[in-house]
Amino acid sequence: MEDTKGTNQGQLERDLLQDLLFGSYESVIKSCEILPDGPLQKIGINEETVLHMAACCKQENLVRDLLKMLPATGGNHKFSEIKCKYGNTVLHEVATSDAMIDAAKEFVTRDAELVIGRNHLGETPIFYAARCGQKEMFEFLAEKMRLKEESPEERNAHLKRNDRATVLHISVTTELW
């Protein structure tokens, strides 16, 4: 993460975080135009990118417009390698809402490895969809992961996190089944 202790850069990031939280769409776009890493700028104590934060705030139109600021091909970034402090990719955040399905499709089109990306707990984005009871997102991710085509052992490996909890455990625990 870049040093944001400088007054101008630090203030810009604080303002950007506030704009994201309060839905000041145009201000976020303008800020990203001047940030060194644009929508991939890491902000806040959890080192989330602007894209992560927009997804957390369920702002699909903003997420899609921020994506348009990045080259569709030939860019020097892989979304599956861009993670926050906890290892979450932006698809982990997008997966928490069926309303973000179009954004999920765009991310997966740009980087198919996102669907199997694991955070520090070993959770894939499909875990987040299950935890939040997002059936459409779960089905989309399962299709993209080709779970029906895999052997039971391979399928279970994708649906189990580091502590051996499964997607079913998560669904029951959160009472979203």
Engineer: Considering the options I29, L51, V28, T49, which one meets the side chain to side chain contact (heavy atoms under 4.5 Å, CB included) requirement together with P39?
Structural biologist: L51
Engineer: Just by distance, do the side chain of D111 and the backbone of F79 share a donor-acceptor pair under 3.5 Å?
Structural biologist: yes
Engineer: Kindly give the heavy-atom pair with the smallest separation between M100 and A55, and that separation in Å.
Structural biologist: CE-CA, 3.8 Å
Engineer: Quick one: does L67's side chain get under 4.5 Å of F107's, heavy atoms only?
Structural biologist: yes
Engineer: Would you check if D37 and K42 make a side-chain contact, meaning some heavy-atom pair closer than 4.5 Å?
Structural biologist: no
Engineer: What's the separation between atom CG in N88 and atom CD in E48, rounded to the nearest 0.5 Å?
Structural biologist: 7.5 Å
Engineer: Regarding E113 and K78, does a basic nitrogen lie under 4.0 Å from an acidic carboxylate oxygen?
Structural biologist: yes
Engineer: Using salt bridge (Lys or Arg N to Asp or Glu O under 4.0 Å) as the criterion, list what pairs up with K58, not counting sequence neighbours.
Structural biologist: none
Engineer: Return a table of donor-acceptor pairs under 3.5 angstrom between the side chains of residues 149-157 and protein atoms on other chains or two or more places apart.
Structural biologist:
| residue | atom | partner | partner atom | Å |
| --- | --- | --- | --- | --- |
| E150 | OE2 | H158 | NE2 | 3.4 |
| S151 | OG | E153 | OE1 | 3.4 |
| S151 | OG | E154 | N | 3.2 |
| S151 | OG | E154 | OE1 | 3.3 |
| E154 | OE1 | S151 | N | 3.1 |
| R155 | NH1 | L147 | O | 2.9 |
| R155 | NH1 | E150 | O | 3.2 |
| N156 | ND2 | P152 | O | 3.2 |

Engineer: To the nearest 0.5 Å, tell me how far T124 OG1 sits from H92 NE2.
Structural biologist: 6.0 Å
Engineer: A side-chain contact here means heavy atoms from C-beta on lying under 4.5 Å apart; do M53 and V50 qualify?
Structural biologist: no
Engineer: Do L40 and L70 have side chains that get closer than 4.5 Å, going by heavy atoms?
Structural biologist: yes
Engineer: Applying side chain to side chain contact (heavy atoms under 4.5 Å, CB included) to D98 and F138, what does each step give before you reach the verdict?
Structural biologist: CA-CA 9 Å; D98 282 343; F138 183 92; over 6 Å; no
Engineer: If you define the side chain from C-beta out and look only at heavy atoms, does anything of R64 sit under 4.5 Å from E106?
Structural biologist: no
Engineer: For the NE2 atom of H169 and the CG atom of L159, what is their distance to the nearest 0.5 Å?
Structural biologist: 12.0 Å
Engineer: So does K30 pair up with E26, basic N to acidic O under 4.0 Å?
Structural biologist: no
Engineer: Do you know which two heavy atoms are closest between Q59 and L20, and how far apart they sit?
Structural biologist: NE2-O, 2.8 Å
Engineer: Can you tell me how far CG of L121 sits from CZ of R161, rounded to the nearest 0.5 angstrom?
Structural biologist: 6.0 Å
Engineer: Could you tell me whether K83 atom NZ has more than 12 heavy atoms of other residues or ligands within 6.0 Å of it?
Structural biologist: yes
Engineer: Let me confirm one number: the CG-CG distance from L66 to N61, rounded to the nearest 0.5 Å.
Structural biologist: 11.0 Å
Engineer: Looking at H52, is its backbone amide N or carbonyl O close enough to the side chain of E93 to form a donor-acceptor pair, meaning the two atoms are under 3.5 Å apart?
Structural biologist: no
Engineer: Check A95 against P125 and note the closest heavy-atom contact, atom names and distance.
Structural biologist: CB-O, 3.4 Å
Engineer: Please confirm whether the backbone N or O of Y86 pairs with a side-chain atom of N119, one donor and one acceptor, at under 3.5 Å?
Structural biologist: no
Engineer: Please check this pair: side chain of E136 against backbone of I101, looking for a donor-acceptor N/O pair closer than 3.5 Å.
Structural biologist: no
Engineer: Closest approach of P71 and R110, non-hydrogen atoms and distance?
Structural biologist: O-NH1, 3.3 Å
Engineer: Assess whether side chain to side chain contact (heavy atoms under 4.5 Å, CB included) is satisfied between L141 and L91, documenting all intermediate values.
Structural biologist: CA-CA 10 Å; L141 293 170; L91 189 59; 4.0 Å; yes
Engineer: Side chains of Q41 and C32: closer than 4.5 Å at any heavy-atom pair?
Structural biologist: no
Engineer: Any side-chain heavy-atom pair from C57 and L21 closer than 4.5 angstrom?
Structural biologist: yes
Engineer: Do R131 and Y128 meet the cation-pi criteria used here (NZ or CZ under 6.0 Å from the six-membered ring centre, within 45° of the axis)?
Structural biologist: yes
Engineer: Give, for atom CZ of R118 and atom OG of S80, the distance between the pair rounded to the nearest 0.5 Å.
Structural biologist: 14.0 Å
Engineer: Taking only residues two or more places apart in sequence, or in another chain, which ones meet A99 in a side-chain contact (heavy atoms from CB on, under 4.5 Å)?
Structural biologist: S97
